[in-house]
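Notes follow once the structure below has been shown.
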Protein chains: 2
Amino acid sequence: MSISRREEVLHAAAELFAEQGFHAVGMRAIADAVGVRGSSLYHYFPSKVDLLHAIAVDSTRAFIESQLEDLNPSPDYASRVRKMMFDHVVYFHEHRMEEAVGLRELQELRKHKPEAYTELQTLRRTYQNELERLITEGRDKGEFSCEDPHITTLAILGMVNTINDWYRPHRDGPIEDIADIYSSLIVERMLGKTA
Amino acid sequence: MSISRREEVLHAAAELFAEQGFHAVGMRAIADAVGVRGSSLYHYFPSKVDLLHAIAVDSTRAFIESQLEDLNPSPDYASRVRKMMFDHVVYFHEHRMEEAVGLRELQELRKHKPEAYTELQTLRRTYQNELERLITEGRDKGEFSCEDPHITTLAILGMVNTINDWYRPHRDGPIEDIADIYSSLIVERMLGKTA
DNA sequence: GTCTATAGAGGGATAGAC
DNA sequence: GTCTATCCCTCTATAGAC
C-alpha cells in the first residue's frame, strides 16, 4: 500500500511548515524533501497557499470528524468527556505536524484564503461547542460541580493543544500515560466529578 | 515623556511580528509603521534577526523578573500560587504582542541566534521550576492534594499562555475577571487546595 | 539620523520540451 | 508527470550623500 506522490508532498510540506513556519519554507525545500524539482509541485497544487490550505483544512476536518462521529454511547458524561480528551491527546500527538500547522498558520490562511479560514474556524467552534455542551449538561445532571463551563472549556483546550510543545516521547514516557493524567486532571479535578 | 525612536521601532515590529509572523513582515513594513525608510532601521539594529532578539529576550526577561522578584511574603502556598497566576494572566494580556512573539518565534531565534535561544529557554525554565517548586512544597506541607506536580505545572502554563488566543476584552469582560476564574480553577481545583 | 539608490540573493510561479 | 530554463518580484542589507 504505497502512498501517492501528492500525499508525499503534503506530508513533507506539513513537516517543514510545522518546524520552520510557512514563510520560512520555500517550494524548493519542499521539492528537495520529496526528491523532485520545484516546478513539479505545481502539477499537484496550483500555489503554495493551496498546499497550506490542504494541510490545515484536511487535517482539522479529519480530527473533528473522527472525534465527533462516535461520541460514545456511554451513559455518563464523565466517561464521555474522559474518552474525548484521552483521544484528543493521542490523536494530536500522532498527527502533531499537521495539527501544528493548523494551529499556527491561521492568519496566513485568513489573509490568502478567507473561505478556508472560515471553514477552519467553524470546525473548531463545532468541537468546542460539543465539549462545552457535555460539560454543561453533565453539570446540570449533577455529575460535575463545574462553575463556569465556557471558560473551563477554553482552559481545557489550551492545556491539551499545547502538549506537543513540551512532550518528547523518550523523555516523558508513552503518550497514553500523559493522556491518562490529563484526562483525570480534567474530569476529576477541573470538572469536579462528584462521587 | 516621549519614547525614543528605537522603542517605537521595537513596538511596531512586535505588533507586526505578533500579527503576521516574523517572515511575513518585511523591514519596509516595519519602517512604514514608524514613518521612515527601510534603510533607517539599520541605524538602530544591525539586522532583522537582532530586532527579533531584542523583542523576545527583553520582554521575556522583564516578565520573569517582575514575577520572581516579589515572590510575595504570604505564608501559605495557595496565596502565593494564586497571586503568581493572577499576575501572569494580567501581564500576558498587557504585553500580549511581545509575549506572542517570544512564544511563537523560538525556532527562528534558535536557527540564527543560538545563544539568545538558550537564554530564553533558561529564563522559561527558571519560571517553570519556580511554579513547580511552589506546588511541590505546598503539597508536602499538606496545602494541596496534587498528584503530579510536574505534569500539572505544564498543564497550567499551557492554559494561561493560550488565553490571548481567544480573549477579546469587549466580548469577554475585564482581564482581571478572567485572571480570577483561572486562578481559582488552578488553586482550588487543579491543585486541590485543602480547606 | 534619515535619505536615495542599488547590490545580491532567493522567493513563487510559468512555458514548453520530453 | 517531471524536467530545464527563466521571468519578475521582493527581500535583507549596504554605500554614500545630506
Side-chain angles (χ1 to χ4, degrees), chain A residues 1-57 101 104-105 107-114 116-117, chain B residues 1-57 101 104-105 107-114 116-117:
Chain A
M1 182 197 115
S2 68
I3 63 173
S4 71
R5 171 129 289 178
R6 184 175 188 276
E7 286 171 283
E8 257 189 289
V9 172
L10 277 173
H11 191 259
E15 200 152 329
L16 290 166
F17 288 165
E19 283 164 6
Q20 314 181 42
F22 179 73
H23 282 292
V25 177
M27 291 299 264
R28 288 166 180 81
I30 299 167
D32 283 351
V34 180
V36 296
R37 297 295 185 177
S39 58
S40 302
L41 300 177
Y42 292 89
H43 177 70
Y44 302 100
F45 301 93
S47 78
K48 192 187 172 190
V49 169
D50 285 283
L51 239 177
L52 175 62
H53 176 139
I55 294 167
V57 175
V101 175
R104 287 182 191 143
E105 306 294 350
Q107 77 289 2
E108 212 56 48
L109 222 50
R110 178 175 211 171
K111 198 190 226 169
H112 297 104
K113 289 247 164 181
Y117 172 79
Chain B
M1 180 197 114
S2 67
I3 64 173
S4 71
R5 170 130 289 181
R6 194 191 126 96
E7 285 170 283
E8 256 188 287
V9 172
L10 276 174
H11 190 260
E15 201 153 328
L16 290 165
F17 288 166
E19 283 166 5
Q20 313 181 42
F22 179 73
H23 276 105
V25 177
M27 292 299 261
R28 287 169 181 83
I30 299 167
D32 283 352
V34 180
V36 296
R37 297 294 184 175
S39 59
S40 301
L41 301 177
Y42 292 89
H43 176 69
Y44 300 99
F45 301 94
S47 78
K48 191 187 171 189
V49 169
D50 283 282
L51 238 176
L52 175 63
H53 176 139
I55 294 166
V57 175
V101 175
R104 287 184 189 141
E105 307 294 350
Q107 78 288 2
E108 211 55 47
L109 222 50
R110 178 174 211 171
K111 198 188 223 169
H112 296 104
K113 289 248 165 181
Y117 171 79

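Sequence lines set the chain letters: A, B, ... in the order given, protein chains first and strands last, and positions in each chain run from 1.
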### Query
Of A:Arg28 and A:Gly35, whose closest DNA chain D nucleotide lies nearer the 5' terminus?
A:Gly35
Could you check how far [atom1] of [X] sits from [atom2] of [N], rounded to whole Å?
X: B:Tyr44; N: C:dT2; atom1: OH; atom2: C1'; answer: 8 Å
X: B:Leu41; N: D:dT14; atom1: CG; atom2: P; answer: 13 Å
X: B:Asp32; N: D:dT10; atom1: CG; atom2: C1'; answer: 14 Å
X: A:His23; N: C:dG11; atom1: NE2; atom2: C1'; answer: 11 Å
X: A:Phe22; N: C:dG12; atom1: CZ; atom2: C1'; answer: 10 Å
X: B:Arg37; N: D:dA15; atom1: CZ; atom2: C1'; answer: 17 Å
X: A:Tyr42; N: C:dG11; atom1: OH; atom2: C1'; answer: 9 Å
X: B:Phe45; N: D:dT14; atom1: CZ; atom2: P; answer: 15 Å

Where the side chain of [X] is defined as all heavy atoms beyond and including C-beta, which of [options] is the nearest nucleotide?
X: A:Met27; options: C:dA13, D:dT2, C:dC3; answer: C:dA13
X: A:Ser39; options: C:dA15, D:dT2, D:dA13; answer: C:dA15
X: A:Ser40; options: D:dA13, C:dC3, D:dC3; answer: D:dC3

### Pairwise side-chain contact, A:Val25 with A:Glu19, heavy-atom cut-off 4.5 Å (strictly under)
no
### Task
Could you tell me whether the side chain of A:Phe45 reaches within less than 4.5 Å of the side chain of A:Arg6, counting heavy atoms only?
yes
### Message
Does the Lys NZ or Arg CZ of B:Lys48 fall within the cation-pi geometry relative to B:Phe22 - under 6.0 Å from the ring centre and within 45° of the axis?
### Response
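The answer is yes, since B:Lys48 meets both limits relative to B:Phe22.
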### Message
Taking any heavy-atom pair under 4.0 Å as a contact, classify A:Val25: base, sugar-phosphate, or nothing.
### Response
sugar-phosphate
### Task
Look only at the side chain of B:Gln20 and the backbone of B:Phe17, and say whether a donor-acceptor pair between them is shorter than 3.5 Å.
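No: the side chain of B:Gln20 does not pair with the backbone of B:Phe17.
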### Nearest heavy atoms of A:Arg104 and A:Gln107, plus distance in Å
O-OE1, 3.3 Å
### Query
When you check the phosphate oxygens OP1 and OP2 of D:dG1, does a side-chain N or O of A:His43 lie under 4.0 Å from one of them?
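Answer is yes, contact under 4.0 Å.
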### Query
Is B:Arg6 near enough to C:dG1 that one of its side-chain N or O atoms lies under 4.0 angstrom from OP1 or OP2?
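For C:dG1, neither OP1 nor OP2 has a side-chain N or O of B:Arg6 closer than 4.0 Å.
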